[in-house]
Amino acid sequence: MTTKTAAARRSPLANLKPLLIDVGLPIGSYYLLKDALGLGTVAALAWSSVGPALRTGWSVVKKRELNGPSSLILLVNVAGVLLSFLTGDPRLMLAKDSGVSSVIGIGVLVSVALGRPMMTSAVKPWLVKGDAGREAAWERLLGGSPEFRRAERRFSLVWGAVLLGECVVRVVGAYTVPVDTMVWLGSVIMVVSMVLGFLVSGATGAVPMAHLLIAEAGGTECAAECAAEQDAPAAPAVLATRAAVPAVSAGPVVAAVAR
């Protein structure tokens, strides 16, 4: 592998690094604090929110923009703290389990309305695959392809609608279905929602984005390769031809071309 090729392809871990920091680290720290270190739910949520809070503040101050994933995790943790104070009615306990889904769903839908689809940070690493050529193609498509931007928005729109719909279904079920039934039915609803989200968002968003991305990156690579093939071998080929073919005067050549 040449140095140029190695530089053009980053490791998948490096490409996923922002998502791991903004989402994976806070979630992992929550379970570590709660299950391994024995902290209460509120304390674990509060401490695991420190990282997202710092990341969100740094993004606003330094970049003048909102870090979508970290701000969403922060919002979810705050909602979790507030919901943890709800106690008493078993049906209310079942209903509050869907509160986090509703917060995420609303956050994703708002990000689409603001023109900054939040789920893009989740799908981009899987489409770009750490390839510098695809990374460049992604930026070009974002800036110049309305079709690509529509597919990007659809991907987030589907997930926002699915998560919000899951919340509505679980709340309705919590107050209409017997409690014992809803205890296991809530998990079924969540799994079905996730499967539906993956299928629909993939078909309407991720797959069209992948096709456009591959076509854009492939077209650029093909143009570069064609230019290289035309330029690089030209000099040696001309020299070899001239060495093998006897010299002729210009007169017969011109006459032949004229005929």
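Owing to the predicted nature of the structure, the values given are computational and were not obtained by experimental measurement. Every heavy atom of this structure was used, including side-chain atoms; hydrogens, water molecules and symmetry mates were not.
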Review point. Is any NZ, NE, NH1 or NH2 atom of the basic residue among E135 and K124 found under 4.0 Å from an Asp or Glu carboxylate oxygen of the other?
Key: yes
Review point. Applying salt bridge (charged side-chain N to carboxylate O under 4.0 Å, His left out), which residue pairs with at least one partner in residues 156-168 are found, sequence neighbours left out?
Key: E166-R170
Exercise for review: Could you tell me which residues satisfy ring-ring contact (aromatic ring centres under 6.0 Å, His included) with W138, sequence neighbours excluded, listed by chain and number?
Suggested key: F148
Revision key, fill the gap. For A161, the side chain to side chain contact (heavy atoms under 4.5 Å, CB included) test, sequence neighbours excluded, returns none
Practice item. Would you confirm whether R134, through its side chain, and I214, through its main-chain N or O, come within 3.5 Å as a donor-acceptor pair? Key: no
Solution key, residues 177-197 side-chain donor-acceptor pairs under 3.5 Å, sequence neighbours excluded:
from : atom 1 : to   : atom 2 : distance (Å)
W184 : NE1    : T181 : O      : 3.3
S193 : OG     : I189 : O      : 2.7

Review point. Would L163 end up clustered with F155 when hydrophobic side chains under 4.5 Å apart are linked, directly or stepwise?
Key: yes
Point to revise | side chain to side chain donor-acceptor pair (under 3.5 Å) pairs, two or more places apart, involving residues 151-162 | key: T120-E152, R149-E152, W159-S201
Check your understanding: Between V200 and V162, does a side-chain contact (heavy atoms from CB on, under 4.5 Å) hold up when you go through it step by step?
Key -> CA-CA 10 Å; V200 178; V162 166; 5.9 Å; no
Determine all donor-acceptor pairs shorter than 3.5 Å in which one atom belongs to a side chain in residues 103-111; sequence neighbours excluded.
from : atom 1 : to   : atom 2 : distance (Å)
S111 : OG     : V108 : O      : 2.5
S111 : OG     : M118 : N      : 2.9

Check your understanding: Got a sec, which residues hit side chain to side chain contact (heavy atoms under 4.5 Å, CB included) with V172, two or more places apart in sequence or on another chain?
Key -> V168, T176
Study note, to complete from the structure: For residues 202-213, the side chain to side chain donor-acceptor pair (under 3.5 Å) pairs (sequence neighbours left out) are none
